[in-house]
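Just so you know, ligand 1 is whichever comes first in the structure, and atom 1 is the first atom listed for that ligand. Please read all numbers here as calculations on a predicted model, not as lab measurements. Heavy-atom basis, side chains included; hydrogens, waters and symmetry copies ignored.
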Amino acid sequence: MTNEAIPNLTAFDEAALDQAFGVVGQQARNNAASLDSPEAAEAFRLRWFGRKQGLLNEISSRWLNSAPPEFKKPVGERFKKLKELVERLLHEATGAGPSDAALAAESIDITLPGTRRLTGAEHPITRTLNEITQVFAALGYSVGVGPEVETDYYNFESMNFPPDHPARDTQDTLVVAGQERRPLRDRLLLRTHTSPVQMRTMELQPPPVRIIIPGKIHRNDAADATHSPIFHQVEGLCVDTNITFSDLKGTLDHAMKALFGSAVKTRFFPSFFPFTEPSADLQISCIFCGGKGCRKCKHSGWIELLGCGMVDPAVFAFAAEKQAAYDAKKISGFAFGMGADRIAMMKYGVSEMGQFFAGDMRFLGQFA
Ligand code: DAH
């Protein structure tokens, strides 16, 4: 690139201007002819567009500023054309002019598809918990919650599991370490069922109570296709005057039909839970075969779904320590608890419980 100086302008008539601009224009073309590398293009850009020593600046200050007023217009017009020429030369050499270069770096190609965000969706367990909760909310039940890190008192003692009672062994418990110096009732553990929220609710309000409690629970169970150390229950409690076993049966029969379809039948079997007396297990007619018998119901036609019973007077006695109105001579109630994960597996045809907790988007995405 030769470094010709910009000549002085001595005359401002058309011919003199054409001549002078013709010379610098040619100079620019000559310069641009050898732009075969990004470095050469950058040198060209600096030489012509440089803020301080660029030739265009020099031409503008020497020719344009020195032109007598009546010649400013013809000089200005030619200067504009020259600048366009140099911009075009640079653009052709690099694919971008000086301002275009900056623009291109920032510009957005609006023809490209946008960045698609994944649409959030309810987790199938959350959806199941909500569906069950809805059925009872429609019956006038309110929704309760309680802590997952619970005391021995609420999880066991107040639910009528005395210390050292063998019924505690039915719920393999994960305990918080380093609690030995505390009295047993204050020791912390991960709640093994949602039943402690029954007591927490009764301590806060006198009867009548109608409450539904969806929640996460923990047990020291090894994971397999149908077990997980973390799972979910929905607990229910109804306390009022004159609540009978018929109310329990009617309420749960309605809830099962609302959840699984009106063709579903229910039946009750005697069972045992420390906090209910009498206690029962509820079975529904198999939702897969309609009760004929299939692999899912182990050819019995029935599927066991939840535990329930009439609230044990011993439980009311614990509640009465805080709320005297829980007098078992004056009120009665029923309670129930169901495993939400098994229900979700049935509803959505999932064969491995672990899938719910593995966080695999290919699995979860199917529920979006
Ligand atoms: N808490 C029991 C469990 O985890 C389930 C249960 C059974 C809850 C009977 C109840 C009930 O409220 O009345 O296995």
Side-chain angles (χ1 to χ4, degrees), residues 129 132-133 135-136 141 143-148 150-162 165-174 189-202 209-221 226-240 243-253 255-256 266-284 303-316 318-319 326 328 332-343 353:
L129 290 172
I132 300 168
T133 304
V135 167
F136 289 92
Y141 283 61
V143 181
V145 289
E148 274 174 57
E150 190 50 285
T151 61
D152 186 279
Y153 178 74
Y154 285 111
N155 196 79
F156 288 126
E157 193 179 337
S158 72
M159 285 289 108
N160 200 30
F161 294 75
H165 194 281
R168 287 179 174 230
D169 295 348
T170 63
Q171 304 192 352
D172 266 336
T173 310
L174 292 160
L189 46 79
L190 300 187
R191 69 176 178 193
T192 56
H193 52 176
T194 42
S195 303
V197 192
Q198 289 189 29
M199 187 55 60
R200 289 184 172 275
T201 305
M202 288 191 280
V209 168
R210 278 172 186 75
I211 196 150
I212 190 83
I213 304 145
K216 185 184 289 172
I217 63 168
H218 305 254
R219 288 194 199 175
N220 188 16
D221 283 341
T226 54
H227 292 87
S228 157
I230 296 178
F231 55 114
H232 300 79
Q233 284 185 340
V234 180
E235 186 88 14
L237 174 68
C238 169
V239 184
D240 206 337
I243 298 291
T244 67
F245 202 87
S246 306
D247 298 311
L248 161 66
K249 288 183 78 173
T251 302
L252 291 179
D253 186 72
M256 294 305 116
T266 55
R267 64 179 190 178
F268 293 80
F269 276 78
S271 184
F272 173 78
F273 301 101
F275 38 88
T276 44
E277 183 59 35
S279 304
D281 284 328
L282 174 145
Q283 299 181 349
I284 58 169
I303 293 177
E304 195 168 302
L305 212 76
L306 57 79
C308 56
M310 302 306 290
V311 178
D312 194 301
V315 172
F316 283 140
F318 282 107
Y326 288 96
S332 56
F334 65 80
F336 56 89
M338 61 189 106
D341 313 71
R342 295 249 171 94
I343 294 177
M353 192 179 282

* Quick one: side-chain hydrogen bond (donor to acceptor under 3.5 Å, both in side chains) partners of E148, sequence neighbours excluded? -> H218
* To do: Could you pull out every protein residue that has a heavy atom closer than 4.0 Å to ligand 1, ordered by chain and then number?
  => Q171, H193, S195, Q198, R219, Q233, E235, F273, F275, T276, G307, C308, G309, A335, F336, G337
* Structure fact -> By salt bridge (Lys or Arg N to Asp or Glu O under 4.0 Å), R219 pairs with (sequence neighbours left out) none
* Asked: Do the non-hydrogen side-chain atoms of L252 and C308 ever get within less than 4.5 Å of each other?
  -> yes
* Structure fact -> P162 meets the side chain to side chain contact (heavy atoms under 4.5 Å, CB included) criterion, sequence neighbours left out, with H165
* **L190 and its side-chain contact (heavy atoms from CB on, under 4.5 Å) partner, picked from L174, N155, T173** => L174
* Quick one: does V209's side chain get under 4.5 Å of Y326's, heavy atoms only? -> yes
